[in-house]
Amino acid sequence: MTLGAEFFARSVHEVAPGLMGAPLLVDGVGGRIVEVEAYHHEDPAAHSFRGRTARNASMFGPPGRAYVYRSYGIHWCVNFVCEPGSAVLVRALEPTDGLELMQARRGVGEPRLLCSGPGRLCEALGITREHDGLALDAPPFELRAAAAETEIATARRIGITHAADLPWRYVERGSRFLSRGVPRA
DNA sequence: CTACCGATCGCCT
DNA sequence: GGCGATCGGTAGC
């Protein structure tokens with residue numbers, strides 16, 4: 001089942017765990033979501049916290065679309081927009097489709113290093129500013145509900161300074177494809 | 001394995 | 001002018 005606007009028009013805290021194990025493809029390349037982080041509009045760590053700007057405009061648009069931003073001037077990161085001002089940051093995938101293309105784009109051979117981080121997975125899937133604001137239930141995106149239930153663990157978010165203690169990171173327990181700094185318990 | 005550093009863009013004070 | 005929802009390389013234990 002394709003995940004569209006209806007799925008995302010809810011609290012980010014319901015949507016985030018609901019994405020675990022969901023296949024995400026861009027032009028047929030991608031894998032299963034194994035790590036995400038929730039960003040609520042009242043969260044000091046969210047880009048939307050201080051209001052709308054040209055960069056974060058997509059966060060205030062319709063649910064079920066992509067919000068893509070530049071991180072540290074180098075990497076791209078992709079979010080799924082939920083209720084206005086809130087979004088889910090996709091942090092890691094378990095690669096399943098288009099391994100060769102991902103390896104070529106990343107310049108790495110090890111499957112484990114292809115999509116284990118928000119910047120890495122965008123490079124592997126070819127996600128850039130071009131994808132900002134695009135609907136997730138239409139090409140080039142392909143996002144479906146998880147085929148099976150997976151065991152979810154929560155953890156503190158990383159890489160941020162505000163409200164870093166909130167347990168709003170969701171990971172698939174035991175996955176070998178999580179980003180750096182994640183306890184795999 | 002952990003720790004630090006540089007790269008470099010866009011928004012902020 | 002500062003700093004971040006990051007990553008890869010290098011140094012050191």
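Order of the sequence lines fixes the chain letters, A, B, ..., with proteins taken first and strands second; residue numbering starts at 1 for each chain. None of these values were measured; they are calculated from a predicted model. All values below were derived from every heavy atom in this structure, side-chain atoms included, with hydrogens, water molecules and symmetry-related copies excluded.
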Regarding A:N79, tell me which of base, sugar-phosphate or nothing describes its non-hydrogen contacts under 4.0 Å with the strands shown. base

Report the nucleotide, chosen from [options], that has the shortest atom-to-atom distance to any side-chain atom of [X].
X	options	result
A:S71	C:dT6, B:dA7, C:dA5	C:dT6
A:T53	C:dG4, C:dA5, B:dC12	B:dC12
A:R91	B:dC11, C:dG8, C:dA5	C:dA5
A:Y39	C:dG8, C:dA5, C:dT6	C:dA5
A:Y69	B:dC11, C:dG8, C:dA5	C:dA5

Counting just side-chain N and O atoms, does [X] come under 4.0 Å of either OP1 or OP2 of [N]?
X	N	result
A:R129	B:dC9	no
A:R70	B:dC11	no
A:R169	C:dA5	no
A:R50	B:dT13	yes

Parallel, tilted or perpendicular: rings of A:H13 and A:W168 (30°, 60°):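 Tilted.
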
Map A:N56 and A:H75 onto DNA chain B by nearest heavy atom, then report which one ends up closer to the 5' terminus. A:H75

Can you see whether A:E35 engages A:S175 through a side-chain donor-acceptor pair at a distance of less than 3.5 angstrom?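 Not at all, the side chains of A:E35 and A:S175 share no donor-acceptor pair under 3.5 Å.
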
Could you state the CG-P distance from A:D132 to B:dG10, rounded to the nearest angstrom?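 One finds 13 Å between P of B:dG10 and CG of A:D132, rounded.
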
Please report the distance separating the C1' of C:dG8 from the corresponding atom of B:dG10, rounded so that it comes out in whole Å.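 C:dG8 and B:dG10 have their C1' atoms separated by 22 Å.
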
Can you tell me the pairing partner of C:dT6 across any strand shown, Watson-Crick or G-U wobble, with both distances under 3.5 angstrom? B:dA7

Picking from A:Y67, A:F49, A:Y69, what satisfies side-chain contact (heavy atoms from CB on, under 4.5 Å) with A:N56?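 Result for side-chain contact (heavy atoms from CB on, under 4.5 Å) with A:N56: A:Y67.
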
Carboxylate-amine/guanidinium proximity below 4.0 Å for A:R105 and A:E123: no

